[in-house]
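Structure, as structure tokens:
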Amino acid sequence: MPKMIMVNKKASESQVMELEKRNYNNPVVLCGFAGSTPTGVLAASYIVETLGMHQVAHLISQHIPPVAVFVGGKLRHPFRIYANNSNTVLVAMCEVPISSAHIYEISNTLMNWIDQVGASEIVIMEGSPANGIPEERPVFAVAEKPKLDKFKKAGIQPADSAIIAGMGGGILNECLVRKITGLSFITPTSVDIPDPGAVLSIIEAINKAYNLKIKTDLLEEQVKALDEQIKKIEEQYKELQEKQKEPQSMYG
């Protein structure tokens with residue numbers, strides 16, 4: 001039978017339901033949520049698929065929009081938690097936006113469960129909205145100084161400043177209160193077109209920081225295909241402009 005881990009009903013109307021009981025090994029928790037860009041959710045989905053992770057729990061709440069998500073040939077809750085086989089990595093993700101009025105309760109519920117499983121640190125994966133197509137997609141880290149120094153050595157630059165809103169911000173606030181290591185990786189993300197390059201940058205940063213060895217072949221192919229499409233469009237546009245500049249005969 002699935003096990004309910006319930007938060008005091010007087011204090012909360014949300015709860016985490018475990019689908020299977022595991023003994024976790026101080027896991028790092030990678031989080032991706034619906035926000036101003038889909039980068040976090042897409043990165044989380046890619047990690048789950050590539051590492052062959054299994055759903056171990058979901059978070060239910062009357063404050064999460066009542067939708068069902070069809071993935072992997074199954075209907076699932078929108079707010080799900082996955083684990084790898086060695087129980088060293090967890091992924092928490094939610095494809096639907098959470099109202100700001102309910103972020104505190106839901107993030108508190110998630111953090112209560114994360115506390116219980118003994119997570120070592122929590123990483124929020126985010127995209128920073130950008131117009132057009134970014135020429136470069138550096139990943140910036142938002143963390144306490146000891147972590148920033150470590151990431152800098154791995155080639156991940158610290159952010160000068162950042163405001164992290166939504167579920168990511170709620171979780172990081174909970175990390176501060178509970179004295180759990182919390183941080184965020186942020187990269188510029190196009191809001192005009194699907195941006196696999198942003199997801200690739202986040203995954204590469206995760207690999208550098210945590211040596212997860214997540215394969216990126218598929219993302220690299222998607223980025224290459226998108227670049228070729230953009231290049232083709234640019235060439236067609238250039239040809240059109242040149243034709244428009246040519247003098248037109250009065251006889252057509």
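Not measured: the values here are computed from a predicted model. Counting begins at 1 with the first residue of the sequence.
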Checklist entry - Which residue pairs pass the salt bridge (Lys or Arg N to Asp or Glu O under 4.0 Å) test with at least one member in residues 157-175, sequence neighbours excluded? => result Glu174-Arg178
Checklist entry - Roughly how far, to the nearest 0.5 Å, is the CG atom of Leu30 from the CG atom of Asn84? => result 9.5 Å
Checklist entry - side chain to side chain donor-acceptor pair (under 3.5 Å) with Tyr210: which residues, sequence neighbours excluded? => result Glu121
Item to check | ring pair (Phe, Tyr, Trp, His ring centres under 6.0 Å) against His54, all qualifying residues, sequence neighbours excluded | outcome: none
Checklist entry - If you round to the nearest 0.5 Å, how far is CD1 of Ile106 from CD1 of Ile98? => result 4.0 Å
Checklist entry - Are the side chain of Thr189 and the backbone N or O of Pro129 linked by a donor-acceptor pair below 3.5 Å? => result no
Checklist entry - What do the steps show when you test Ile171 against Phe33 for side-chain contact (heavy atoms from CB on, under 4.5 Å), and what is the final call? => result CA-CA 11 Å; Ile171 289 173; Phe33 302 111; 3.4 Å; yes
Item to check | Remaining members of the apolar cluster that contains Phe70, side-chain heavy atoms under 4.5 Å | outcome: Leu75
Checklist entry - Under the salt bridge (Lys or Arg N to Asp or Glu O under 4.0 Å) rule, what pairs show up with a residue in residues 68-95, not counting sequence neighbours? => result Arg80-Glu95
Item to check | Closest approach of Glu18 to Trp113 (non-hydrogen atoms, all atoms of both residues) | outcome: OE2-NE1, 2.9 Å
Next on the checklist: Would you compute the distance between atom OG1 of Thr39 and atom CG of Leu200 and round it to the nearest 0.5 angstrom?
Outcome noted: 11.5 Å
Item to check | Results of side chain to side chain donor-acceptor pair (under 3.5 Å) for Glu220 - residues two or more places apart only | outcome: Thr216
Checklist entry - Given side chains that start at C-beta, do those of Val16 and Asn112 come closer than 4.5 Å, heavy atoms only? => result no
Checklist entry - Where do Leu219 and Gln222 land on the side-chain contact (heavy atoms from CB on, under 4.5 Å) test, with the steps shown first? => result CA-CA 5 Å; Leu219 281 173; Gln222 291 175 349; 3.6 Å; yes
Checklist outcome for this item: Interatomic distance, CG@Asn108 vs CG@Asn173, rounded to 0.5 Å, equals 11.5 Å
Next on the checklist: Tell me if a side-chain donor or acceptor on Asp192 pairs with a main-chain N or O of Gly132 at a distance below 3.5 Å.
Outcome noted: yes
Checklist entry - ring pair (Phe, Tyr, Trp, His ring centres under 6.0 Å): which pairs involve residues 80-112, sequence neighbours left out? => result His63-His102
Next on the checklist: With a 4.5 Å cut-off on side-chain heavy atoms, are Lys213 and Asn211 touching?
Outcome noted: yes
Checklist entry - Picking from Glu105, Gln15, Glu13, His77, what satisfies side-chain contact (heavy atoms from CB on, under 4.5 Å) with Ser61? => result Glu105
Item to check | Transitive ILVMFWY side-chain link Val96 to Ile124, under 4.5 Å | outcome: yes
Item to check | Test item: Ile180 and Met111 side chains (from C-beta on) under 4.5 Å apart, heavy atoms | outcome: yes
Item to check | Check: Pro27 main-chain N/O paired with Ser120 side-chain donor or acceptor under 3.5 Å | outcome: yes
Checklist entry - Is there a path of hydrophobic side-chain contacts, each under 4.5 Å between heavy atoms of I, L, V, M, F, W or Y residues, that connects Met125 with Leu218? => result yes
Checklist entry - Are Leu148 and Val28 linked, directly or through other ILVMFWY residues, by side chains that come within less than 4.5 angstrom of each other? => result no
Item to check | Partners meeting salt bridge (Lys or Arg N to Asp or Glu O under 4.0 Å) with Lys153 (sequence neighbours left out) | outcome: none
Item to check | Pairing residues for Ser128 by the side chain to side chain donor-acceptor pair (under 3.5 Å) criterion, not counting sequence neighbours | outcome: none
Checklist entry - In terms of hydrophobic clustering (I, L, V, M, F, W, Y; side-chain heavy atoms under 4.5 Å; direct or indirect links), are Phe79 and Val67 co-clustered? => result yes
Checklist outcome for this item: Here the ring pair (Phe, Tyr, Trp, His ring centres under 6.0 Å) pairs for residues 131-174, sequence neighbours left out, are Phe151-Phe185
Checklist outcome for this item: The side chain to side chain donor-acceptor pair (under 3.5 Å) partners of Ser184 (sequence neighbours excluded) come to none
Checklist entry - Which atoms form the tightest heavy-atom contact between Ser36 and Gly127, and what is the distance? => result OG-O, 4.0 Å
Next on the checklist: Restricting to non-hydrogen atoms, name the atom on Glu136 and the atom on Pro188 that form the minimum distance, rounded to 0.1 Å.
Outcome noted: O-CG, 4.4 Å
Checklist entry - If you round to the nearest 0.5 Å, how far is CG of Leu110 from CD1 of Ile81? => result 5.5 Å
Checklist entry - For Asn23, does the CG atom sit with more than 12 other heavy atoms under 6.0 Å from it, leaving out its own atoms? => result no
Checklist entry - Can you check whether Gly118's main-chain N or O pairs, donor with acceptor, with Asn26's side chain at less than 3.5 Å? => result yes
Next on the checklist: Here's a test for you: under side-chain contact (heavy atoms from CB on, under 4.5 Å), which of Ile47, Val41, Val48 qualifies with Ser45?
Outcome noted: Val41
Item to check | Minimal non-hydrogen separation, Ile103 against Met167, with atom names | outcome: CD1-N, 3.9 Å
Checklist entry - Looking at Leu176 and Glu144, what are the two nearest heavy atoms and their distance? => result CD2-OE2, 4.2 Å
Checklist outcome for this item: Applied to residues 196-205, the salt bridge (Lys or Arg N to Asp or Glu O under 4.0 Å) test, sequence neighbours excluded, yields none
Item to check | For Ser201 against Val139, the heavy-atom pair lying closest together | outcome: O-CG2, 3.3 Å
Next on the checklist: side-chain contact (heavy atoms from CB on, under 4.5 Å) for Ser86 and Asn25? Distances and angles first, verdict last.
Outcome noted: CA-CA 8 Å; Ser86 59; Asn25 185 21; over 6 Å; no
Checklist entry - In this structure, are over 12 heavy atoms from other groups packed under 6.0 Å from Gln157 atom CD? => result yes
Next on the checklist: So Val56 and Leu19, do their side chains get closer than 4.5 Å, heavy atoms only?
Outcome noted: no
